[in-house]
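These notes are about the structure you will find just below.
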Amino acid sequence: TGVQGRLDTFFKVI
Amino acid sequence: MLEGKFEEASLLKKVVESIKDSVQLCNFVCSEHGITVQAVDDSRVLLVSLLIGNEVFSDYRCDRNITLGVDLKSFAKIIRCGGNDDYLTLIAEDSPDSVTLVFEDKNSDRISEYSLKLMEIDNEFLKIDDMDYDSVIKMPSIDFQKICRDLSTLSESLQILITKDSIKFMAEGETGNGSVILKPRTDIDKPEQSITVKLNNAVNSTFGLKYIADIVKGTSLSNQIVIKISNRTPALFEYKLQSGYLRFYLAPKFED
């Protein structure tokens with residue numbers, strides 16, 4: 001039921 | 001030096017119980033404004049963001065920023081030693097090796113003191129900009145918890161569909177399907193029972209229920225949960241504290 005997204009795709013690591 | 005006194009130990013207990021299964025090692029960053037935590041789970045799907053504002057404490061002082069690197073599993077064991085109604089004071093030096101927890105029983109002279117060794121935790125920080133979300137819903141946190149627990153018996157995924165006049169939670173599994181539809185409602189006598197929907201765009205998003213099962217552990221912190229969702233971006237699940245919040249950012253699932 002779909003592919004799990006990752007937060008790194010959306011938020012910049014600082 | 002940090003010295004923060006909670007009127008009741010139960011608040012910090014609930015906070016630790018709410019996040020300890022999502023993240024294990026995290027830095028409690030103490031400043032004059034209060035205590036903040038940001039940590040991401042090992043799979044990098046769920047982010048925990050906590051602010052315990054200084055107004056939550058009955059006494060609070062923190063002269064300079066202090067970072068407490070905490071193993072939450074160990075912290076949870078210590079914090080369970082205190083009574084829910086006890087005063088709880090956190091004490092740490094400016095460059096601490098340990099943090100001290102002092103529990104004071106209000107009904108007797110019993111004072112219990114524990115110290116937890118701190119760790120050097122090198123965690124990166126994710127920059128989260130303020131976003132305009134497609135939809136913001138507010139609903140009783142206990143209802144959200146029940147819906148998610150019920151639907152998790154059928155599927156590993158929860159689909160949330162929001163239109164201006166309804167919120168639909170759906171789960172499709174091998175053994176069967178389930179859905180729960182809620183309508184916005186205002187309860188004047190019990191505002192915590194109200195359900196509100198603010199909608200800019202209709203939403204259709206899917207999330208892993210194993211992560212949501214961890215999020216709903218925050219239910220005891222607030223009567224209401226605020227869920228901010230946009231299509232194809234992480235959703236924000238927020239439990240407000242008297243001053244501050246416990247937020248979870250959860251990355252969605254995509255179609256293959």
Side-chain angles (χ1 to χ4, degrees), chain A, chain B residues 22-23 38-49 122-131 133 151-152 154-160 170-175 177 204-212 228-237 247-256:
Chain A
T1 53
V3 179
Q4 178 62 60
R6 296 279 178 276
L7 290 170
D8 309 70
T9 321
F10 304 98
F11 299 133
K12 211 182 341 173
V13 178
I14 52 172
Chain B
S22 306
V23 290
Q38 196 207 77
V40 185
D41 84 312
D42 289 340
S43 59
R44 306 194 66 77
V45 170
L46 182 67
L47 180 143
V48 174
S49 175
D122 183 22
N123 73 336
E124 58 196 14
F125 197 82
L126 295 183
K127 188 172 182 297
I128 298 162
D129 297 317
D130 282 338
M131 270 176 43
Y133 287 91
L151 293 179
S152 67
L154 291 166
S155 173
E156 291 177 357
S157 297
L158 175 72
Q159 192 179 356
I160 304 179
M170 281 171 65
E172 294 181 357
E174 284 174 15
T175 58
N177 302 330
N204 180 355
S205 264
T206 303
F207 302 95
L209 272 164
K210 75 169 180 153
Y211 300 102
I212 296 208
K228 300 182 179 184
I229 306 188
S230 289
N231 290 304
R232 302 186 71 80
T233 60
L236 166 56
F237 300 81
R247 291 176 180 160
F248 295 91
Y249 292 85
L250 177 60
K253 283 181 147 185
F254 300 103
E255 290 305 313
D256 289 316

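Lettering of chains follows the sequences in order, A, B, ..., and the numbering in each one begins at 1.
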Taking every non-hydrogen atom, the tightest pair across A:Gly5 and B:Ala251:
O-CB, 3.4 Å
Are there more than 12 heavy atoms of other residues, nucleotides or ligands under 6.0 Å from atom CZ of B:Arg232?
no
If you look at every heavy atom in A:Leu7 and B:Leu250, which pair is closest and at what distance?
CD2-C, 4.4 Å
Here the pair of heavy atoms bringing B:Pro252 nearest to A:Gln4 is O-NE2, 3.5 Å
Interatomic distance, B:Lys127 atom NZ to A:Lys12 atom NZ [nearest 0.5 angstrom]
6.0 Å
Rounded distance (nearest 0.5 Å) linking atom CZ of A:Phe11 with atom CE of B:Met131
6.5 Å
Does any part of the side chain of B:Tyr249, heavy atoms only, come nearer than 4.5 Å to the side chain of A:Phe10, both counted from C-beta?
no
Between B:Gly208, B:Ser43, B:Pro234, which has the largest tally of heavy atom pairs under 4.5 Å with chain A?
B:Pro234
